[in-house]
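Notes for the one structure printed next.
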There are 2 protein chains.
Amino acid sequence: MSDRLQSILRSRGIQPTAQRLAVLHAVETCPHGTAEDVANLARAGIGTISHQAVYDALAVMVERRIIRRIEPAGSPARYETRVGDNHHHLICRACGKTEDVDCATGHAPCLSPLDSRGFALEEAEVIFWGTCPECSRGSKRTRKRRTSPRGAAHRGPRRVRT
Amino acid sequence: MSDRLQSILRSRGIQPTAQRLAVLHAVETCPHGTAEDVANLARAGIGTISHQAVYDALAVMVERRIIRRIEPAGSPARYETRVGDNHHHLICRACGKTEDVDCATGHAPCLSPLDSRGFALEEAEVIFWGTCPECSRGSKRTRKRRTSPRGAAHRGPRRVRT
DNA sequence: GCACGATCTTGACTAGGTCAAAAGGTGGAT
DNA sequence: ATCCACCTTTTGACCTAGTCAAGATCGTGC
């Protein structure tokens with residue numbers, strides 16, 4: 001199994017180290033996972049890997065187009081192995097669930113604006129925001145926050161000042 | 001002039017304080033500005049305003065749909081007063097220049113995925129990534145970074161350790 | 001089996017943003 | 001006019017996600 005991953009890396013000129021294999025495996029296993037998710041999964045696989053090695057591995061794979069990085073508003077960056085098929089994303093505003101959806105037109109950029117202002121277009125990134133079926137049903141229950149906002153500390157009183 | 005802004009705020013049930021007027025004016029003056037841009041402009045207008053007052057004002061106006069917030073990948077959040085017209089954005093990968101482009105279909109969500117997976121769709125957010133005319137022409141010159149990456153410190157050696 | 005470049009670990013540091021306490025304003029009721 | 005309750009702003013601590021740099025370690029070709 002890891003032979004397959006090794007050859008993916010090698011074919012793009014990336015040394016298949018244990019850390020990189022673990023990171024790639026993690027991204028495959030957990031599509032749309034954050035760097036932290038990936039780090040945890042990779043650690044589960046090989047015992048230990050540094051914060052920085054995860055970021056380095058993700059960055060080199062993004063650069064070589066083995067994985068894709070998306071950054072939905074209000075969320076840390078997320079990674080996936082589906083690349084080159086120009087698909088888009090459906091994200092739940094309530095719980096953050098992210099799903100892939102196929103592009104209707106098929107090749108990048110899959111759509112063009114009415115007026116491109118002279119820009120050389122490379123890509124149209126489309127995010128469909130909505131509410132997933134579970135959250136629609138359970139609208140009376142307390143909802144989870146959509147994502148953990150960047151600076152969010154723990155909830156509740158943190159420290160009592162005089 | 002500020003009468004117009006006042007009535008906008010009042011019509012949405014927001015007290016038109018000096019700070020909020022300054023923030024709204026700043027967003028109108030500098031579309032696609034970051035919170036920091038807005039703070040600087042507001043300060044130029046009324047002398048002084050706290051960091052937090054800017055974030056609070058922006059948040060309440062976003063919530064009341066007076067302004068819109070976009071968060072392009074790799075960039076801090078940006079704000080604009082064009083709301084409700086379902087327009088999209090064209091962003092230069094080289095210099096970060098952001099332009100509005102009209103939506104071809106006209107009403108939100110302006111497009112629908114092939115399969116919405118049962119999600120209740122609210123909005124399709126579309127970002128066209130490309131290279132602006134200036135950057136295309138000057139491709140040999142040193143380009144500015146697209147944006148300052150989140151954790152980016154100054155360039156060059158920061159401190160020499162033993 | 002060594003040298004050298006590539007990669008990883010460690011750890012400092014940053015931007016952008018959030019939370020909370022307390023001070024300051026504002027407006028309605030008296 | 002004044003008081004009070006509530007809203008807003010200031011102040012400042014703090015957090016997350018991420019970057020940079022130095023040095024140790026690994027892996028590969030010779």
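Each chain gets a letter, A, B and so on, in the order its sequence line appears, and its residues count up from 1. When reading the values below, keep in mind they use all heavy atoms of this one structure, side chains included, and skip hydrogens, waters and symmetry mates.
In this structure, A/Leu9 places its CG atom 17 Å from P of C/dA6, rounding to the nearest Å. In this structure, the CD atom of A/Glu63 is 13 Å from the P atom of D/dT19, given to the nearest Å. In this structure, B/Arg20 places its CZ atom 8 Å from C1' of D/dC7, rounding to the nearest Å. B/Gln52 has its CD atom 16 Å from the P atom of D/dC14, to the nearest Å. When the C1' atom of D/dC26 is taken as reference, atom CD1 of A/Ile49 falls 14 Å away, rounded to whole Å. Rounding to whole angstrom units, OH of residue B/Tyr55 and P of C/dC19 are separated by 13 Å. Computed from coordinates, the B/Gln19 CD to D/dT11 C1' distance equals 14 Å when rounded to whole Å. The nearest whole Å value for the distance from the NE2 atom in A/His51 to the C1' atom in C/dT9 is 11 Å.
With sequence neighbours excluded, the residues forming a side-chain contact (heavy atoms from CB on, under 4.5 Å) with B/Leu9 are B/Ile14, B/Pro16, B/Arg20, B/Leu21, B/Leu24, B/Met61, B/Ile66, listed by chain and number.
The residue B/Gln15 sits close only to the backbone: its heavy atoms come under 4.0 Å of sugar-phosphate atoms, none of a base. Counting non-hydrogen atoms under 4.0 angstrom, A/Ser50 reaches a base of the nucleic acid.
Put simply, B/Thr34 has no side-chain N or O that comes within less than 4.0 Å of OP1 or OP2 on C/dG16. Look at B/Thr17 and you'll find a side-chain N or O under 4.0 angstrom from OP1 or OP2 of D/dT9.
Counting non-hydrogen atoms of other residues, nucleotides and ligands closer than 6.0 Å to CD of B/Gln52 gives a total above 12.
Taking 4.0 Å as the cut-off between side-chain N and carboxylate O, A/Asp102 and A/Arg82 count as a salt-bridged pair. For B/Glu28 and B/Arg4, the salt-bridge test passes: some basic side-chain N is under 4.0 Å from an acidic carboxylate O.
With distances taken from any side-chain atom of B/Arg69 to the nucleotides D/dG18, C/dG17, D/dT10, the minimum falls on C/dG17.
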